[in-house]
Amino acid sequence: MKPSYLIKPVLDEDYPEIDYGKGVFLFDKDGKKYLDAASGAVTANIGHGVPEIILAMHEQSKRVSFVYRSQFTSEAAEKLAEKLADALPGDLNWSFFVNSGSEATETALKIAIQYWQEKGIKSKTKILSRWISYHGITLGALSMSGHPGRRARFVPLLEEFPSISPPYCYRCPYQSTAPECGYLCAMELEGAIKRIGSDHIAGFIAEPVIGAAGGAITPPKGYYETIKKICDENNILFIADEVMTGFGRTGPMLASEHWNVIPDIVALGKGMGAGYAPIAATVVSDHIMEPILHGSKSIMSGHTLSANPQSCAAALAVLEYLENNDILSDVESKSVYLKNKLDQLKRQFDFIGDVRGKGLLLGLEFVRLPVAKIPFERSIKLTELVVKAGRDQGILLYPAGAGLDGVSGDAVIISPPLTITKREIDELINLLKATFIEVYRILGFPNENGVGK
């Protein structure tokens, strides 16, 4: 066998070689078909092989694929920025285009700090965040991430930005329920601000629905309204990490809209280019840009391929495809249909402890004992087992963390392309059921109703 010099996620893993994709399906070189129930990494929002996107990229490539942002602008970048300003709520009008979600959240960090500097307040340099969160793999983004597993190797290089508990209702640290709890996990932010001092805090960043670190942890109504109020009262910017949730993944353009909250700064990515080209964005409100426009007139950040016209043309085509085909209007009905099917599986397979999420960003948390919510032993590596069994069955799932410590639990995310049909959802459920039956067999459970009995 010919050696591979490609650095893969697991160096000695035998990965199938992809051949092509069509709609919600991928096909490898051996002809095996996979239902992409994860949209890759919650990215391929409109599915694979969409002719309109391919054509737009081809047409842009015939004109120019690269210019450097300090020398030129481009029609594609200008149109994309204008279209985003029209599509996003409030005064989120200014787009800084980058190449990945990590770059988008790190740029948001820099802009938040620069905003206060431009106002003459240089002490505000910290960005608070939550434990059980993931904001990216660059050092600044990882500093904001409450993801113990991904932080572990680099702790000496990281800032201690994670400060408060997540809105993890399935495992409420206060053993309570909303709204009777008074949103105690949100009120932790007020306590953290008092301890640190608001004069030192530039912003607070949160994923509206917690993705890779928490398996689609979704807060109750009232949570983000409380968070935004605390931020406003303490002169702290609210940054929404919508890299995973933006571009209609949960229904509206921004998941923040579910809670009637408009962030000061938003990070976008993943579904923005829908996998057709690497692109992400930090979108900034008018009121945040104002002191910069009247001050230095420059955002201190930049990347060689920022606002790349080829990528911008792809993202513009994705946004137009969503609009022209009214894709977002069907997300909620598909979500209800899929979630009902997942709830049925939960009743059949009692190692499914929780089904949660918003729109087509849904999560399953697995437990050994459902009533007590006791997780599986780490030695079992259940998440990896489920993902591998799924791939063998022909369904792609996205692994996620779980557990109050962000380490001890197991979860997967179900996030098919927004274009999935109900017939394809039925196929997804059948493949998922076959996957769980296989997992039961591997674990030696007697049947699909045997866990914890």
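Nothing here was measured: the structure is a model prediction, and the numbers come from that model.
Partners of Pro162 under the side-chain contact (heavy atoms from CB on, under 4.5 Å) rule, at least two apart in sequence or in another chain, are Ser129, Trp131, Arg151. Contacts of Lys381 classified as salt bridge (charged side-chain N to carboxylate O under 4.0 Å, His left out), with partners at least two apart in sequence or in another chain: none.
Judged by distance alone, the side chain of Lys33 and the main-chain N or O of Phe27 form no donor-acceptor pair under 3.5 Å.
No hydrogens or angles considered: a donor-acceptor pair under 3.5 Å links the side chains of Glu242 and Ser256. Side-chain atoms of Asp426 and Tyr337 form a donor-acceptor pair, as typed in the model, at a separation below 3.5 Å. If you check the side chains of Ser39 and Arg249, you find a donor sitting under 3.5 Å from an acceptor. Checking Thr435 against Gln393 by side-chain atom types alone, no donor-acceptor pair falls below 3.5 Å.
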Inset, instruction - Kindly indicate, with the supporting measurements, whether the criterion side-chain contact (heavy atoms from CB on, under 4.5 Å) is fulfilled by Leu345 and Gln348. - result: CA-CA 5 Å; Leu345 285 184; Gln348 186 173 1; 4.2 Å; yes

Legend entry - Verdict with supporting geometry, Val284 and Ile292, side-chain contact (heavy atoms from CB on, under 4.5 Å): CA-CA 11 Å; Val284 188; Ile292 301 172; over 6 Å; no

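Atom NZ of Lys229 sits in a sparse spot, with 12 or fewer heavy atoms from other residues, nucleotides or ligands closer than 6.0 Å.
Annotation: salt bridge (Lys or Arg N to Asp or Glu O under 4.0 Å) contacts involving residues 383-396, sequence neighbours excluded, comprise Glu13-Arg391, Lys388-Asp392. The ring pair (Phe, Tyr, Trp, His ring centres under 6.0 Å) analysis of residues 36-88, with sequence neighbours excluded, yields no pairs.
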Determine all donor-acceptor pairs shorter than 3.5 Å in which one atom belongs to a side chain in residues 265-277; sequence neighbours excluded.
unit_1, atom_1, unit_2, atom_2, d
Lys270, NZ, Ala41, O, 2.9
Tyr276, OH, Gly47, O, 2.7
Tyr276, OH, Gly49, N, 3.1
Tyr276, OH, Val50, N, 3.0

Sequence neighbours left out, cut at 3.5 Å: what donor-acceptor pairs do the side chains of residues 19-26 make with other protein atoms?
none

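Between Phe161 and Leu109, the closest side-chain pair of non-hydrogen atoms falls below 4.5 Å.
Separation of the Phe351 and Phe366 ring centroids falls under the 6.0 Å cut-off.
The nearest pair of heavy atoms linking Thr105 to Met144 is O-CE, 3.5 Å.
Separation of atoms CG (Leu35) and CD1 (Ile425) is listed at 10.0 Å; rounding is to 0.5 Å. To the nearest 0.5 Å, the span separating CG on Asp330 from CG on Asn325 amounts to 10.5 Å.
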